[in-house]
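The structure appears right after this line, and notes come after that.
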Amino acid sequence: MGLLRFSCYSIRFYRIGGNMYWSQFFIPTLRETPADAEVPSHQLMLRAGYIRQLAAGIYSYLPLAQRSMLKAQAVIREEMERIGAQEFYLPALHPGEVWMSSGRWEVMGPNMFRLKDRAGRDMCLGMTHEEIFTTIACGELRSYRQLPQIWYQIQCKFRDEPRPKSGLLRVRQFTMKDSYSFDVDAAGLDRSYDKHYQAYCRIFERCGLRYAVVEAHSGSMGGSQSHEFMVRSDAGEDLVVSCGCGYAANMERAQSLLDPIEDAEPQGAEPEPVHTPGQKTIAEVSAFLQADPTRQIKSLVYLADSKPVLILLRGDHSLNEAKLSSHIGTSVFRPATAEEILEALGADAGSLGPVGVSRMTILADQALRDRRNLICGANRNDYHLVGATPGVHFQPQWGDFRLVNEGETCPACRREKLQIYKALEIGHIFKLGTKYSESLRAHVLTHDGREVPIVMGSYGIGVERILASAIELFHDADGIVWPVSLAPFHVVVTPVNFALEDQRQAAENIYRELSGAGIDVLLDDRNERPGVKFKDADLIGVPFRITIGPKLLKENKVELYSRATRKMEPVPLEGILQRVREVIAESMPQARHS
RNA sequence: CGGGGCGUAGCGCAGCCCGGUCAGCGCGCCUGCCUUGGGCGCAGGAGGCCGGCGGUUCAAAUCCGCCCGCCCCGACCA
């Protein structure tokens, strides 16, 4: 096949060699949607013959999918090379000890595939490659003179997801472009991070995606700053909080402004216990005491590193566990059980509060700051306290612990209301800092001879998610509508009746002419009725179709059809290459970022 | 890991409740004829140890038990 004629670096970024006759190319389309598929990208990739499932969250990529994967990867390679990144290829099979030295052997928990070799040594399948790249850096990078470095690879990752779902959107084996930057100081990291930010914008723009860049929570990666690249989609599992002013953040990280609340003077100096039999939820207490939920304190007990913590929120707010995790500096926490709550506070959930609590940490959301005369549980079943004032009757550590709600005020422009939508994460960039270089002892000497840990960044793109999100964004009732840059073929040549000599000759001539000019062409030589061929071409999403029919052919013309616009235009045979070049060029997504 | 659902031909499904001419339908596939501008028509045909194991029974796709797999919701998720 033509692909063999090119080394991978000589693939033009929008073209893959190898052109095919449909009757011989493996495109197992399905007339009906397989029952297991729910989201559009999954349904269409199955129906259009791109993928087949092997097991839960494990898919085989058929030739069409592989061609689109290579197209996406070619765009990625070009843009990574543009920022000076160097391509590696690292093992997927790792010795456990590397992960033990970074501490993530435990942190990754059951999400990591683990196995033993014949000698009984712990091994695992890589979920990501901070440890491995850092190990190389550790052995080889000694001097600031060698920095900065940006290293990357496009390689498969393994994660034993608790719940694989939605076709290629959440899987257990997938392809990731991961890169890592190595700098001598924070300013260098800022530059490497910014390069990646720009490169990612260019990659996703060239892939034709509509995306947003949001502030993100860095999670178990550690590190100080992080952005996610998100595609708005109902198939997504993340929530993005955004504002018309440009503010956008992951739900885990998002903040908002609240309308001020004026509290009445408390009746007395001390909180007053009131009998609230059977009133446990905020709503029940609210109704019983005729007090708005905003006047109540919601008290939650968590066990963080096995120690109980009391968390206070405004009655109508919800806990944001990502923010809690950042504040307490551990991801090892969980809600306390009923027994643990009773032991810690002497009452059951529904009657909990901070007043008089001394033996445990009290964390309070800043929405409660400067409030007074509030209602909270009394730590005595069926009793609440009225008139509690933070800072007076209890002394919490203040922080941001709440989930924002739609319609609250944007923290950036301070004027508009926030929107919340579902989104797919297609890329994520992190400033790691020295977390891995310290634990794995990757140090360099500075200009003035000091030994410092390398300052690192880590950057990922889910390649399959580029394809899946493109399909989520661009499809219709008939099938996929690929951006030209990702389509497995640019053009399908469809003679209405391939058995007729004049149509066959015209088709083969066009096929040869376009292929020779570097265009990816599929020739539909099947002995099928035209309707079948049109339906299949629409389904697999080829951006342009050249239809060869008897009437126009008599005038030495063929028809150029655009999958996206569904417009048809007659084109003279002798001008077809030129016209196809034009329409491909016109519809090829361009990077807006410089 | 909790809750729910499903496993019968390549795909989509019926049959199961009420055991016994139930191995069935549509699409796809093969052969022939026909047809060729949006999944055409006619005729013939191939294909399934009914997810697995065990039990009940004269008899099990059907009832019971265990296991496995897959999907959905939740938990979880760099």
Side-chain angles (χ1 to χ4, degrees), chain A residues 28-39 42-43 46-47 49 52-58 99 102 104 107-112 126-131 157-167 169-172 174 176 178 180 216-223 226-228 236-239 250-252 321-322 325 331 333-335 425 427-432 435-436 457-462 477-479 494-500 503-504 524 526-539 545-553 558-559 561 566 568 570:
Chain A
T29 60
L30 301 171
R31 215 170 266 232
E32 288 171 286
T33 302
D36 284 346
E38 195 118 311
V39 301
H42 188 197
Q43 294 178 344
L46 285 169
R47 270 197 66 205
R52 288 293 182 262
Q53 184 175 49
L54 183 62
I58 305 177
W99 288 78
S102 73
R104 291 208 294 180
V107 172
M108 290 310 187
N111 266 12
M112 187 151 67
M127 306 176 66
T128 173
H129 282 75
E130 279 78 10
E131 281 80 356
K157 302 284 188 265
F158 298 89
R159 294 182 188 180
D160 195 359
E161 290 286 344
R163 188 147 104 76
K165 59 189 276 199
S166 305
L169 288 174
R170 179 161 294 280
V171 289
R172 298 197 290 175
F174 60 100
M176 176 184 272
D178 50 323
Y180 305 86
H217 174 71
S218 46
S220 75
M221 298 293 293
S226 170
H227 286 92
E228 285 171 336
E237 298 182 280
D238 287 289
L239 290 173
N250 188 305
M251 189 67 171
E252 296 177 334
E321 291 195 347
S325 173
S331 56
F333 62 87
R334 61 171 173 81
E425 178 189 350
H428 201 158
I429 57 180
F430 298 89
K431 287 186 182 174
L432 291 180
K435 175 182 159 95
Y436 296 93
S458 150
Y459 318 87
I461 290 177
D478 288 312
T494 306
V496 165
N497 185 349
F498 193 68
L500 296 181
Q503 290 188 32
R504 191 182 64 74
D524 196 345
R526 294 176 299 170
N527 180 25
E528 291 284 357
R529 294 176 62 80
V532 173
K533 293 185 271 198
F534 296 158
K535 286 288 185 190
D536 271 344
D538 285 351
L539 180 60
R545 187 180 81 214
I546 296 172
T547 314
I548 300 170
K551 286 190 278 295
L552 275 177
L553 193 56
V558 292
E559 192 173 73
Y561 161 90
R566 317 214 93 163
M568 316 206 190

Between [N] and [M], how far is it from one [atom1] atom to the other, in whole Å?
N: B/G2; M: B/G20; atom1: C1'; result: 41 Å
N: B/U62; M: B/G7; atom1: C1'; result: 15 Å
N: B/G24; M: B/G39; atom1: P; result: 32 Å
N: B/G65; M: B/G5; atom1: P; result: 14 Å
N: B/G37; M: B/C77; atom1: C1'; result: 49 Å

Identify the pairs formed between an N or O of the protein and an N or O of nucleotides 34-38 of chain B at a distance under 3.5 Å, and give each distance.
residue, atom, partner, partner atom, Å
B/U35, O2', A/Arg529, NH1, 3.0
B/U35, O2, A/Arg529, NH1, 3.4
B/U36, O2, A/Glu528, O, 3.2
B/U36, O4, A/Asn527, OD1, 3.2
B/G37, O6, A/Gly549, N, 3.4
B/G37, N1, A/Glu559, OE1, 3.1
B/G37, N2, A/Glu559, OE1, 2.3
B/G37, N2, A/Glu559, OE2, 3.4
B/G38, O6, A/Arg545, NH1, 3.4
B/G38, O6, A/Arg545, NH2, 3.1
B/G38, N1, A/Asp538, OD2, 3.1
B/G38, N2, A/Asp538, OD2, 2.4

Task: Any A/Lys165 side-chain nitrogen or oxygen under 4.0 Å from OP1 or OP2 of B/C73 - done: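 Checking A/Lys165 against B/C73: at least one side-chain N or O falls below 4.0 Å of OP1 or OP2.
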Task: A/Arg31 vs B/G28: side-chain N/O to OP1/OP2 distance below 4.0 Å - done: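 Yes.
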Between [X] (side chain) and [Y] (backbone), is there a donor-acceptor pair under 3.5 Å?
X: A/Tyr561; Y: A/Phe534; result: no
X: A/Gln503; Y: A/Asn497; result: yes
X: A/Glu161; Y: A/Arg163; result: no

Just to verify, what does [X] make a salt bridge (Lys or Arg N to Asp or Glu O under 4.0 Å) with, not counting sequence neighbours?
X: A/Asp160; result: A/Arg172
X: A/Arg504; result: A/Glu501, A/Glu508
X: A/Asp36; result: none

Task: Listed partners of A/Ser325 passing side-chain hydrogen bond (donor to acceptor under 3.5 Å, both in side chains), at least two apart - done: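 Expected list: none.
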Task: Base B/G39 paired with A/Arg47 side chain (donor-acceptor, <3.5 Å) - done: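 Indeed there is one.
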Task: Any donor-acceptor N/O pair under 3.5 Å between B/C72 base and A/Arg163 side chain - done: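 No, no donor-acceptor pair under 3.5 Å.
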Categorize [X] for me: base, sugar-phosphate, or nothing, with a 4.0 angstrom heavy-atom threshold over every strand shown.
X: A/Phe174; answer: base
X: A/Ser166; answer: sugar-phosphate
X: A/Glu425; answer: nothing

Whole angstrom value for the distance that separates [atom2] of [N] from [atom1] of [X]:
X: A/Glu38; N: B/C70; atom1: CD; atom2: C1'; value: 13 Å
X: A/Met127; N: B/C76; atom1: CE; atom2: C1'; value: 12 Å
X: A/Glu161; N: B/C70; atom1: CD; atom2: P; value: 14 Å
X: A/Gln53; N: B/C72; atom1: CD; atom2: C1'; value: 14 Å

Across all strands shown, which nucleotide pairs with [N] by Watson-Crick or G-U wobble geometry, both distances under 3.5 Å?
N: B/C13; answer: B/G24
N: B/G69; answer: B/C6
N: B/C1; answer: B/G74
N: B/U57; answer: none
N: B/U35; answer: none

TODO: Report, as a single string ordered 5' to 3', how protein heavy atoms within less than 4.0 Å touch nucleotides 3-16 of chain B: B base, S sugar-phosphate only, - not at all.
DONE: --------BSS---
Open item on the list: Pick the closest RNA chain B nucleotide for A/Ile461 and for A/Ala37 by heavy atoms, then say which residue is nearer the 5' end.
Closed with: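 The answer here is A/Ala37.
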Task: Comparing A/Glu237 and A/Pro164 on RNA chain B - which has the more 5′ nearest nucleotide - done: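 Here A/Pro164 is the residue nearer the 5' end.
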Task: Modelled atom types, side-chain donor and acceptor of A/Ser102 and A/Glu131, under 3.5 Å - done: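 Judged by distance alone, the side chains do pair up.
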Open item on the list: Can you tell me which residue among A/Asp524, A/Thr494, A/Val496 is in a side chain to side chain contact (heavy atoms under 4.5 Å, CB included) with A/Pro530?
Closed with: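 Only one option passes, and that is A/Val496.
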- [ ] Return the minimal non-hydrogen interatomic distance between A/Gln43 and A/Ala37, and the atom names on each side.
- [x]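 In terms of heavy atoms, the two residues are closest at NE2-O, 3.3 Å.
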TODO: Flag the pair A/Lys165 and A/Glu38 as a salt bridge only when some basic side-chain nitrogen lies within less than 4.0 angstrom of an acidic carboxylate oxygen.
DONE: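 A/Glu38 and A/Lys165: not salt-bridged.
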